[in-house]
Amino acid sequence: QVQMVESGGGLVQAGGSLRLSCAASGRTFSPYVMCWFRHAPGKEREFVAGISWSGGETYYADSVKGRFTISRDRAKNTMYLQMNGLKPEDTALYYCAGGAIVGETRHPADYDSWGQGTQVTVSS
């Protein structure tokens, strides 16, 4: 079992930036895909961004493409989400998730390890 802990959320004005971190502990051997989801009140959980085991492949939701950047440091077992140009509609609880997955998937059910979430609030 892999434990995941997010950090870095907070309150920011529209147009601002935040950097989220997700520290994973446990067995994260290849292939281990990590990603970010978010959940806003009244909406379904939404895929945000994902990254392959090597870090060489990344994929994003259309709503964040060009503004958010996902990365990972395998030596530290840590994943990051750099969020620039934040908008009020980005306000949500952000979760990191991971799973021994081959290929790209945006379905929450495919990931078996989840963090507790970190709140991101963007004011207008």
What's in the same ILVMFWY side-chain cluster as Leu11, cut-off under 4.5 Å, chained through other members? none
Could I get the full list of ring pair (Phe, Tyr, Trp, His ring centres under 6.0 Å) partners for Phe37, not counting sequence neighbours? Phe47, Tyr111, Trp114
Residues forming a disulfide (SG to SG under 2.5 Å) with Cys35, sequence neighbours excluded: none
Value for CG (Leu18) from CZ (Phe68), rounded to nearest 0.5 Å, stands at 9.0 Å
Rounded to the nearest 0.5 Å, how far does CD of Gln116 lie from OG of Ser7? 13.5 Å
Quick one: do Val64 and Tyr94 end up in the same hydrophobic cluster if we chain Ile, Leu, Val, Met, Phe, Trp and Tyr together by side-chain heavy atoms under 4.5 Å apart? yes
Connected via hydrophobic side-chain network under 4.5 Å: Tyr95 and Leu81: no
Mind listing the closest non-hydrogen atom pair of Glu6 and Gly117 along with its distance? OE1-N, 2.8 Å
Applying side-chain contact (heavy atoms from CB on, under 4.5 Å), can you list everything that pairs with Ala23, at least two apart in sequence or on another chain? Thr78
Please check this pair: side chain of Thr91 against backbone of Thr121, looking for a donor-acceptor N/O pair closer than 3.5 Å. no
Please, which pairs that meet disulfide bond (SG atoms under 2.5 Å apart) have at least one residue in residues 44-124, sequence neighbours excluded? Cys22-Cys96
N/O donor-acceptor pairs under 3.5 Å from side chains in residues 82-89, not counting sequence neighbours:
from: Gln82; atom 1: NE2; to: Asn84; atom 2: OD1; distance (Å): 2.9
from: Asn84; atom 1: OD1; to: Ser17; atom 2: OG; distance (Å): 2.9

Pairs where residues 37-69 contributes a residue and the test disulfide bond (SG atoms under 2.5 Å apart) is met, not counting sequence neighbours: none
Atom pairs and distances, side-chain donor-acceptor, residues 98-106, under 3.5 Å, sequence neighbours left out:
from: Glu104; atom 1: OE2; to: Arg106; atom 2: NE; distance (Å): 3.0
from: Glu104; atom 1: OE2; to: Arg106; atom 2: NH2; distance (Å): 3.0
from: Thr105; atom 1: OG1; to: His107; atom 2: N; distance (Å): 3.4
from: Thr105; atom 1: OG1; to: Asp110; atom 2: OD2; distance (Å): 2.4
from: Arg106; atom 1: NH1; to: Tyr60; atom 2: O; distance (Å): 3.0

Under the salt bridge (charged side-chain N to carboxylate O under 4.0 Å, His left out) rule, collect the residues that match up with Glu46, sequence neighbours excluded. Arg38
Looking at every heavy atom in both Met79 and Met34, which two are closest together, and how far apart are they? SD-CB, 3.4 Å
Who pairs with Arg67 by salt bridge (charged side-chain N to carboxylate O under 4.0 Å, His left out), at least two apart in sequence or on another chain? Asp90
List for me each residue that meets salt bridge (charged side-chain N to carboxylate O under 4.0 Å, His left out) alongside Lys65, sequence neighbours excluded, and say none if there are none. Asp62
Are the side chains of Val120 and Leu20 in contact, using a 4.5 Å heavy-atom criterion? yes
Return the minimal non-hydrogen interatomic distance between Arg74 and Ser54, and the atom names on each side. NH1-CA, 3.8 Å
Using the rule that Ile, Leu, Val, Met, Phe, Trp and Tyr join whenever any side-chain heavy atoms are under 4.5 Å apart, tell me whether Leu93 and Val12 fall into a single cluster. no
Residues which pass side-chain contact (heavy atoms from CB on, under 4.5 Å) with Ser71, listed by chain and number, not counting sequence neighbours: Tyr80
Under the criterion side chain to side chain contact (heavy atoms under 4.5 Å, CB included), I'd like the reasoning laid out for Met4 against Val2: C-alpha separation, chi angles, the key distance, then a yes or no. CA-CA 6 Å; Met4 310 183 84; Val2 177; 4.0 Å; yes
Would you mind reporting whether Ile51 and Glu57 have side-chain heavy atoms less than 4.5 Å apart? no
